[in-house]
K.L.:
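One structure follows; several queries about it will come next.
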Amino acid sequence: MAETVERTVPGKIILCGEHSVVYGRPAIAVPVSDLRARARIEPAALPGLRIVARDVQQTVSVHDAPPHNALAQAARLTLERLEAAAPSATLTVQSALPIAAGLGSGAAVTVAIARALSAFLGAELSADELSALTYEVEKIHHGTPSGIDNTVIAWEKPVYFVTDHPPETFAIGAAFDLLIANSGIASSTRAVVSDVRHRWLANPEFYDVLFDCVGAIARAARSAIEHGAIPALGTLLNENHELLARMGVSIPQLDHMVRAARQAGALGAKLTGSGQGGNVIALIEPEQQAAVAAALQAAGAVKVWHTRIGGTCD
Ligand code: PMV
């Protein structure tokens, strides 16, 4: 009988280029190794594969669940790819990643299920296979996903992403520390993307210039990360935030958190993801963690996470 297997998978965060990526400019996303989804699979006496996800209060039988059930679909696509039958087993999923917060929780859970299930069956899927499979499942959550989440999370590497081009992973010259601060304000990616589209249609010349500037920032940020030029990366993040504000996707609460992080000594800070709520990221030196986290909380953050990109926090 197969042995119990556990696999963990990181979340992701967009470092720069959100929104302009929808208009063909590059974006950069990085894995968040300190916030992970976990899948554990163990043999069961009853026939069939059952998935238990307590975070979302779901228990599903892979055989019986409908096609739009993302948990079951992750397992089915894995079995299809391996040309294997469902084992008699229980797969338990747990995630430290908040749901619908731009941290890639859906993609991380899918990759965790696929990796644990394939290992349980004595096989291993490549990062490319995991990414493709996860993209299919992401369509259940997002309709037309950009492909950023599945790529970063399956590869567990920074990704330079341009729509309709194969994503490029790249290396980190020096590890750097981020704080991720949740504003506690819910926002819908779909709605914010649609707002930007309306404004772009009303004023394409202005918005195309903003998108070009952000694209240049994403290219420069990639180079800064590859060369370990962390202070320069901070400046680029600050500039990206101002351009996102000009696009109309920031709100006073996010601007306030960004300013507070900078005043407390962060090398750079910006909103991340779709905006109008959600999260702010602050690039910090490790010794600034407490001061910047306190400033973010005082400015309204309901939760602050610390993560090291290119390493893990101790
Ligand atoms: O917050 P997230 O991870 O859903 O990011 C949204 C990023 C956008 O550029 C605004 C939309 C997209 O599909 O790339």
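Quick caveat: nothing in here was measured; it's all calculated off a predicted structure. Just so you know, ligand 1 is whichever comes first in the structure, and atom 1 is the first atom listed for that ligand.
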K.L.:
Look at the side-chain heavy atoms of Ile, Leu, Val, Met, Phe, Trp and Tyr, link any pair under 4.5 Å apart, and say whether L283 and L103 land in one connected group.
P.N.:
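Per the 4.5 Å side-chain linkage, L283 and L103 are co-clustered.
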K.L.:
Can you tell me if R246 has over 12 outside heavy atoms packed within less than 6.0 Å of its CZ?
P.N.:
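Open.
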K.L.:
Mark up the atoms of ligand 1 that fall under 4.0 Å of a heavy atom belonging to I14, in ascending order.
P.N.:
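Here the atoms of ligand 1 in question are 5 (O), 7 (C).
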K.L.:
For R50, look at atom CZ and say whether over 12 heavy atoms of other residues, nucleotides or ligands are found less than 6.0 Å away.
P.N.:
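Result for CZ/R50: open.
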K.L.:
If the cut-off is 4.0 Å to any non-hydrogen atom of V21, which atoms of ligand 1 fall inside it?
P.N.:
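Listed by number with element, the hits are 9 (O), 14 (O).
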K.L.:
Give me the atom names and distance for the closest heavy-atom approach of A266 to V292.
P.N.:
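Looks like N-CG2, 3.9 Å.
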K.L.:
Carefully, step by step, assess R25 and D208 under the rule salt bridge (Lys or Arg N to Asp or Glu O under 4.0 Å).
P.N.:
CA-CA 10 Å; R25 276 64 163 194; D208 280 330; 3.8 Å; yes
K.L.:
Suppose we measure from atom 12 (C) of ligand 1 to each protein heavy atom; which comes out shortest, and what is that distance?
P.N.:
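Here the closest protein heavy atom is V22 CG2, 4.0 Å.
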K.L.:
Let me check something: any side-chain donor-acceptor pairs from residues 169-176 under 3.5 Å, sequence neighbours excluded? List them with distances.
P.N.:
none

K.L.:
I want to confirm something. Looking only at heavy atoms, which of T189, T163, L103, T272 is nearest to atom 6 (C) of ligand 1?
P.N.:
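Of the listed residues, T189 has the closest heavy atom.
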K.L.:
With heavy-atom distances below 4.0 Å as the criterion, list the atoms of ligand 1 near E18.
P.N.:
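This gives 9 (O) as the contact atoms.
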K.L.:
Checking the N or O distance criterion of under 3.5 Å, is ligand 1 in contact with D149?
P.N.:
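Looking only at distances, the answer is no, because the N/O contact criterion of under 3.5 Å is not met.
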K.L.:
Under 4.0 Å from a heavy atom of G273: which atoms of ligand 1 are those, numbered in the order shown and with their elements?
P.N.:
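Under 4.0 Å from G273, ligand 1 has these atoms: 1 (O), 5 (O).
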K.L.:
Looking only at protein heavy atoms, which one is nearest to atom 2 (P) of ligand 1, and what is the separation?
P.N.:
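Heavy-atom neighbour on the protein nearest atom 2 (P) of ligand 1: G102 CA, 4.0 Å.
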K.L.:
Enumerate, atom names and distances included, each donor-acceptor pair closer than 3.5 Å involving a side-chain atom of residues 294-305, sequence neighbours excluded.
P.N.:
none

K.L.:
Below 4.0 angstrom from a heavy atom of H19, which ligand 1 atoms are there? Numbered from 1 as shown, please.
P.N.:
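The list of qualifying atoms is 8 (C), 9 (O), 10 (C).
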K.L.:
Taking both backbone and side-chain atoms of K12, is any N or O found less than 3.5 Å from an N or O belonging to ligand 1?
P.N.:
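Yes: some nitrogen or oxygen of K12 is under 3.5 Å from one in ligand 1.
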K.L.:
Surrounding CD of E287 (heavy atoms of other residues, nucleotides or ligands, distance under 6.0 Å), is the total greater than 12?
P.N.:
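Check passes, neighbour count above 12.
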K.L.:
Of all the atoms in ligand 1, which lie at a distance below 4.0 Å from a heavy atom belonging to S274?
P.N.:
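Under 4.0 Å from S274, ligand 1 has these atoms: 1 (O), 6 (C), 10 (C).
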K.L.:
Can you pull out the closest protein heavy atom to atom 13 (O) of ligand 1? Residue, atom name and distance to 0.1 Å, please.
P.N.:
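Going atom by atom, the protein heavy atom closest to atom 13 (O) of ligand 1 ends up being S146 CB, 3.8 Å.
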